[in-house]
2 protein chains.
Amino acid sequence: MKKLVDEKALQQPHDHQLCMTQTLLSAEKICMDQGARLTAIRRRILELVCSSHKAIGAYELLDLFREEDTKAKPVTIYRALDFLIDVGLVHKIESLNAFIGCLQAEKKHQSVILICDDCKNAYELDAAPVYQSVFEMGKKIQFTPRSLTIELHGLCASCA
Amino acid sequence: MKKLVDEKALQQPHDHQLCMTQTLLSAEKICMDQGARLTAIRRRILELVCSSHKAIGAYELLDLFREEDTKAKPVTIYRALDFLIDVGLVHKIESLNAFIGCLQAEKKHQSVILICDDCKNAYELDAAPVYQSVFEMGKKIQFTPRSLTIELHGLCASCA
DNA sequence: TACATAATGTAATAATATAACATTACATTA
DNA sequence: TAATGTAATGTTATATTATTACATTATGTA
Ligand SMILES: [Zn+2]
Ligand SMILES: [Zn+2]
Ligand SMILES: [Zn+2]
Ligand SMILES: [Zn+2]
């Protein structure tokens, strides 16, 4: 059960500017590699999503984005999010209808998301073995897997 | 990886009336045991949710329910669903904003839901070992688990 | 330049879910 | 059985999340 990043560190005060910088660099690289365009809007939405490790909703993002672009509309945000999700820079948390930035977007990975119901911080852990065992279960009923969502709600160390 | 029910059978034509009958009996028993009231509305919503193995949305339920009670409102449905979810007779599929009936509500169980993106049939498998391994992951970062969602999208045997 | 494609602008609306408060039904027990 | 408290439902309104449709603009390529 290899960890993607040091999640314990994320729960502590840390140099979050570094998280941001690295994510933006990843974004550049990923888009370059895929021939995708990291436009100003998309970059800005990514920055906003990644501005903390808390899950953030589309309309919260809209409010923030509007501080700079007063005429932005919901679809502006959803389009950017769709793009960022497609290229793997953002994950949607289905059980919250909210979004988090991915800290390991450059690597192919399968994640379990741990969501603190108190502070809303979301920690993404690598879950290849878990994924494997769910896929195996599927096989037994001839189910062809496409995408897996694993979300654990609870309380983080700080909030317990 | 014990199976809750014979999911292969669910994918085949089967005596679905039996599914319904058993679910309703479970509902009676569960409510009796918990001192909860299975009112006419709740029972009817449960029947509608369980009328197939396909995930169904709240507003689809509302449309169906309105065929008998023309003045029903969304909140009527959501209240009934909240109740049915609380007592374990219905599960919400977070990634679809839709609902399915539970075929094993009397047993305490932890489930993985396999959702066919084509026919929308949803199969609930028992997943205690998977749950255990996710909980273990959480422990490593002192995360106190509360509830776990595991949803696998793909294609069922019939639709692949 | 001309063209094709991708991205964005803009307006409207769809789809999902909850809040607030009034009323009715039900169970308990005085 | 009447009084009381609680649970369930009725009713209206509104909040929240997300998409459709079509026009316009930007970007890359022939
Ligand atoms: Zn950080
Ligand atoms: Zn990720
Ligand atoms: Zn059936
Ligand atoms: Zn179940």
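Chain letters run A, B, ... following the sequence lines, proteins first and then strands; every chain starts at 1.
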- Query: Taking NZ from K71(A) and C1' from dA23(D), how many angstroms apart are they, rounded to a whole number?
  - Reply: 16 Å
- Message: With nearest nucleotide decided by heavy atoms, which residue, R79(B) or F83(A), maps closer to the 5′ end of DNA chain C?
- Response: F83(A)
- Message: Quick check on dA17(C): is either OP1 or OP2 less than 4.0 Å from any side-chain nitrogen or oxygen of K92(B)?
- Response: yes
- Could you check how far CG of D69(B) sits from P of dA8(D), rounded to whole Å? 18 Å
- Query: Roughly, in whole Å, what's the span from OH in Y78(B) to P in dT16(C)?
  - Reply: 7 Å
- Message: How many whole angstroms separate atom CG of L62(A) from atom C1' of dA11(C)?
- Response: 15 Å
- Message: Using the side-chain heavy atoms of R37(B), tell me which of these nucleotides is nearest: dA8(D), dA17(C), dA11(C).
- Response: dA8(D)
- Task: Would you mind reading off the distance between R44(A) atom CZ and dA7(C) atom P, rounded to a whole angstrom?
- Result: 21 Å
- Identify which nucleotide among dA17(C), dT19(D), dT9(D) has an atom closest to any side-chain atom of R42(B), counting heavy atoms from C-beta outward. dT9(D)
- Within the distance-only criterion (no hydrogens, no angle test), does the side chain of R66(B) pair as donor or acceptor with the backbone N or O of A72(B) below 3.5 angstrom? yes
- Taking atom C1' of dA8(D) as reference, at what distance in whole Å does atom CG of L84(B) sit? 14 Å
- Message: I'd like to know if Y59(B) reaches the base of dA14(C) with its side chain such that a donor and an acceptor end up less than 3.5 angstrom apart.
- Response: no
- Partner nucleotide, any strand, of dG28(D) [Watson-Crick/G-U, under 3.5 Å]: dC3(C)
- Which residue lies more 5' along DNA chain D, comparing A36(B) with V75(A) via nearest heavy atoms: A36(B)
- Query: Applying a 3.5 Å limit to both distances, which nucleotide forms a Watson-Crick or G-U wobble pair with dT29(C)?
  - Reply: dA2(D)
- Item | With H91(B) via ring-ring contact (aromatic ring centres under 6.0 Å, His included) - residues at least two apart | H109(B)
- Counting side-chain heavy atoms from C-beta on, which of dT9(D), dT10(C), dA7(C) comes nearest to T39(B)? dT9(D)
- Message: Rounded at 0.5 Å granularity, tell me how far CE in M32(B) sits from CZ in R37(B).
- Response: 13.0 Å
- Message: Nearest heavy atom decides the nucleotide; on that basis, is A80(B) or N97(A) closer to the 5' end of DNA chain D?
- Response: A80(B)
- Task: Measure from the side-chain heavy atoms of A58(A) and tell me the nearest of dT9(D), dA18(D), dG9(C).
- Result: dA18(D)
- Item | Distance, nearest 0.5 Å, that separates CD1 of I115(B) from CG of L96(B) | 5.0 Å
- Closest nucleotide among dG10(D), dT12(D), dA8(D) to the K73(B) side chain: dT12(D)
- Task: For I77(A) and dA7(C), give me the distance from atom CD1 to atom C1', rounded to whole Å.
- Result: 15 Å
- Message: Measure CZ/F99(B) against C1'/dT16(C) and give the value in whole Å, please.
- Response: 9 Å
- Message: When you compare the side chain of L155(A) with that of C116(A), does any pair of heavy atoms fall below 4.5 Å?
- Response: yes
